[in-house]
Asks: 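For reference, the structure I am asking about is given below.
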Amino acid sequence: MSNQIITNVLIKMKNKTIYRCAWLATCLMLFTVLKTVAQTDPHFTQNYTYPMYINPALTGTGDGDYRASAIYRTQWGSISNPYRTMGISFDARTNKNIALGVNLLNQAAGDGGFNYLNAYGSVAYSGVKFGNENNHRIVLAMQAGIINRRVDQSKFKWGEQWNPITGYNASNPTTETFATTSATTLDIGAGALYFDATPDKKTNAFGGFSVFHINRPKDPIISTQSAELNTIPMRYVIHGGLSFNLMERTSIVPHVLYMHQGTASETMIGTYVQVNVNPETDLMVGAYYRVKDAFAPFVGFDWRNFIVGLSYDANTSKLGAMTRNANSFELSLTYVKRSGTRSIFDFVRCARL
């Protein structure tokens, strides 16, 4: 969700009755925004826990035979039934420079009657190698799947149904219409990743670029009259970082991510420290800052192939000063099937923010 857009709405809502409506109206943001600007896809704080959503070239980057991940995000906690976004993914490497993966994501807008579901399959090729001993690697990947959106109009509360004196009346007529209340469309994305796999090096770099909605999929729920308004805009992601290996099993990983879609964009800056506390356990502590939006502390641990991460977004925009419980909570769980030594992707694997 774009907090800047929601802020502009709430500033205009002075009446307490209408203010309560504003909480529910935020659930319609994805639709109303399309009429004036552009839609934004859901986002996560712990991006690398759900890697193929930010770059399909991260398919197969776990440090084991395969990796299964789940992530859960809740926001707008003061609403009785707030926004909830859940994702699961599975990816594995093969012995032929090919990695395969699948990921599912579902976002429910609580009382707003909106549901967003996508399902993708990813294929990555990791055979591009160069430099001394082929330690510099490039991964190229494609992703294809479906996007499904559903709305329940019976749960909507429109501005035309509110009266400053009498309040909300569901029987008041509204001019808002939808071409359909459910739509499924094909979606295609692609990405590339570079990383320095030089072993025993003090600093390893990684970075990637990805594009989603390359085929410009249509969203007929919004409009059938304007090709521009009912086309989902492409989402661009640039991400990267450095792994400073201070000593064996102790590293500091600063990283950045920039995402742009339509007229919306976000910039994230973060870092975390990973420390090996015993032969079976790594501890991760860090934080990130989403520019002009939120600050999020993070803590996690890696124990016997299980990785757990917890983060909490504390809003720093005008929205946070106006409201309570507008923050977000995120929990992730990953299982990595490790059969030997950790891979060259180890520093990518643990970038949880």
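Predicted model only: the values in this text are computed from it and were never measured. Each residue takes its place number in the sequence, starting with 1.
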Asks: Between Asn148 and Ala183 (side chain of the first, backbone of the second, donor and acceptor by atom type, cut-off under 3.5 Å), is there such a pair?
Replies: yes
Asks: Using the test salt bridge (charged side-chain N to carboxylate O under 4.0 Å, His left out), find all partners of Lys337 that sit at least two apart in sequence or belong to another chain.
Replies: none
Asks: Assess whether atom CG of Asn134 is packed by more than 12 heavy atoms of other residues, nucleotides or ligands within 6.0 Å.
Replies: yes
Asks: Mind checking salt bridge (charged side-chain N to carboxylate O under 4.0 Å, His left out) for Arg235 and listing every partner two or more places apart, or none if nothing turns up?
Replies: Asp41
Asks: Are Leu186 and Met52 grouped together when hydrophobic residues (ILVMFWY) are joined by side-chain heavy atoms under 4.5 angstrom apart?
Replies: no
Asks: Does the side chain of Met142 come within less than 4.5 Å of Val123's, by heavy atoms?
Replies: no
Asks: What is the distance from atom OH of Tyr272 to atom NE2 of His255, rounded to the nearest 0.5 Å?
Replies: 7.5 Å
Asks: Just so I know, are the side chains of Ile71 and Phe44 near enough to count as touching, which here means a heavy-atom distance under 4.5 Å?
Replies: yes
Asks: For Thr281 and Asn278, indicate whether the former's side chain and the latter's backbone hold a donor-acceptor pair under 3.5 Å.
Replies: no
Asks: Between Tyr53 (side chain only) and Pro42 (backbone N and O only), is there a donor and an acceptor less than 3.5 Å apart?
Replies: yes
Asks: Leu100 versus Asp91: any side-chain heavy-atom pair under 4.5 Å?
Replies: no
Asks: Looking only at non-hydrogen atoms, find the nearest pair between Ala192 and Leu140 and report the distance.
Replies: CB-CD2, 3.9 Å
Asks: Would a hydrophobic clustering, with Ile, Leu, Val, Met, Phe, Trp and Tyr connected at side-chain separations under 4.5 Å, put Tyr125 with Phe130?
Replies: yes
Asks: With sequence neighbours left out, what residues match Asn95 under side-chain hydrogen bond (donor to acceptor under 3.5 Å, both in side chains)?
Replies: none
Asks: Taking ILVMFWY side chains as joined if any heavy atoms are under 4.5 angstrom apart, and letting links pass through other members, which residues group with Phe209?
Replies: Val211, Ile214, Met234, Tyr236, Ile238
Asks: What pairs with Asn135 under side chain to side chain contact (heavy atoms under 4.5 Å, CB included), at least two apart in sequence or on another chain?
Replies: Glu133, Arg137, Thr198, Pro199
Asks: Could you check Thr45 against Arg73 for side-chain hydrogen bond (donor to acceptor under 3.5 Å, both in side chains), going step by step and ending with a plain yes or no?
Replies: CA-CA 9 Å; Thr45 295; Arg73 177 181 177 88; 2.9 Å; yes
Asks: Report the residues that fulfil side chain to side chain contact (heavy atoms under 4.5 Å, CB included) with Tyr258, sequence neighbours left out, ordered by chain and then residue number.
Replies: His260, Ser265, Thr267
Asks: For Tyr50, enumerate each residue passing the side-chain hydrogen bond (donor to acceptor under 3.5 Å, both in side chains) test, keeping only those at least two apart in sequence or located in another chain.
Replies: Asn103
Asks: Kindly compute the distance separating CG (Leu283) from OG1 (Thr250), expressed to the nearest 0.5 Å.
Replies: 10.5 Å
Asks: Hydrogens and angles aside, do Ser243 and Asn245 bring a side-chain donor and acceptor to less than 3.5 Å of each other?
Replies: yes
Asks: Looking at side-chain heavy atoms only, is the closest gap between Ile147 and Tyr120 below 4.5 Å?
Replies: yes
Asks: Distance check, rounded to the nearest 0.5 Å: Gln274 atom CD versus Leu246 atom CG?
Replies: 11.0 Å
Asks: Does the side chain of Arg290 pick up a donor-acceptor pair with the side chain of Thr316 at under 3.5 Å?
Replies: no
Asks: For residues 95-106, which residue pairs qualify under salt bridge (charged side-chain N to carboxylate O under 4.0 Å, His left out), counting only residues two or more places apart or in two chains?
Replies: none
Asks: Could you check whether any side-chain N or O of Ser210 sits under 3.5 Å from a backbone N or O of Ile54, counting only pairs where one atom can act as donor and the other as acceptor?
Replies: yes
Asks: Parallel under 30°, tilted from 30 to 60°, perpendicular over 60°: which one fits the rings of Phe90 and Tyr66?
Replies: tilted
Asks: Any sub-3.5 Å donor-acceptor pair from Glu330's side-chain atoms to Gln46's backbone N or O?
Replies: yes
Asks: Might you work through the side-chain hydrogen bond (donor to acceptor under 3.5 Å, both in side chains) test for Thr61 and Arg67, ending with a clear yes or no?
Replies: CA-CA 9 Å; Thr61 58; Arg67 169 179 54 183; 3.1 Å; yes
Asks: Which residues pass the side-chain hydrogen bond (donor to acceptor under 3.5 Å, both in side chains) test with Tyr289, not counting sequence neighbours?
Replies: none
Asks: Taking C-beta and beyond as the side chain, do Val253 and Phe206 meet within less than 4.5 Å on heavy atoms?
Replies: yes
Asks: Enter the distance from Lys202:NZ to Phe244:CZ here, rounded to the nearest 0.5 Å.
Replies: 12.0 Å
Asks: Nearest 0.5 angstrom please: Asn204 CG to Leu242 CG, how far?
Replies: 9.0 Å
Asks: Please determine whether side-chain hydrogen bond (donor to acceptor under 3.5 Å, both in side chains) holds for the pair Asn55 and His239, giving the CA-CA distance in whole Å, both sets of side-chain angles, and the decisive distance to 0.1 Å.
Replies: CA-CA 9 Å; Asn55 192 341; His239 64 99; 3.0 Å; yes
Asks: Identify, with sequence neighbours excluded, every residue that meets side-chain hydrogen bond (donor to acceptor under 3.5 Å, both in side chains) alongside Asn215.
Replies: none
Asks: Do Leu331 and Val308 touch side chain to side chain, with heavy atoms closer than 4.5 Å?
Replies: yes
Asks: Are the side chains of Phe212 and Gln261 in contact, using a 4.5 Å heavy-atom criterion?
Replies: no
Asks: List for me each residue that meets side chain to side chain contact (heavy atoms under 4.5 Å, CB included) alongside Asn115, sequence neighbours excluded, and say none if there are none.
Replies: Asn106, Ala108, Leu117, Arg150
Asks: Is the Phe306 to Tyr335 ring centre distance short of 6.0 Å?
Replies: yes
Asks: With side chains defined as the heavy atoms from C-beta onward, is the minimum distance between Asn47 and Met259 less than 4.5 Å?
Replies: no
Asks: Can you list everything that forms a side chain to side chain contact (heavy atoms under 4.5 Å, CB included) with Ala119? Sequence neighbours excluded, please.
Replies: Leu104, Ile146
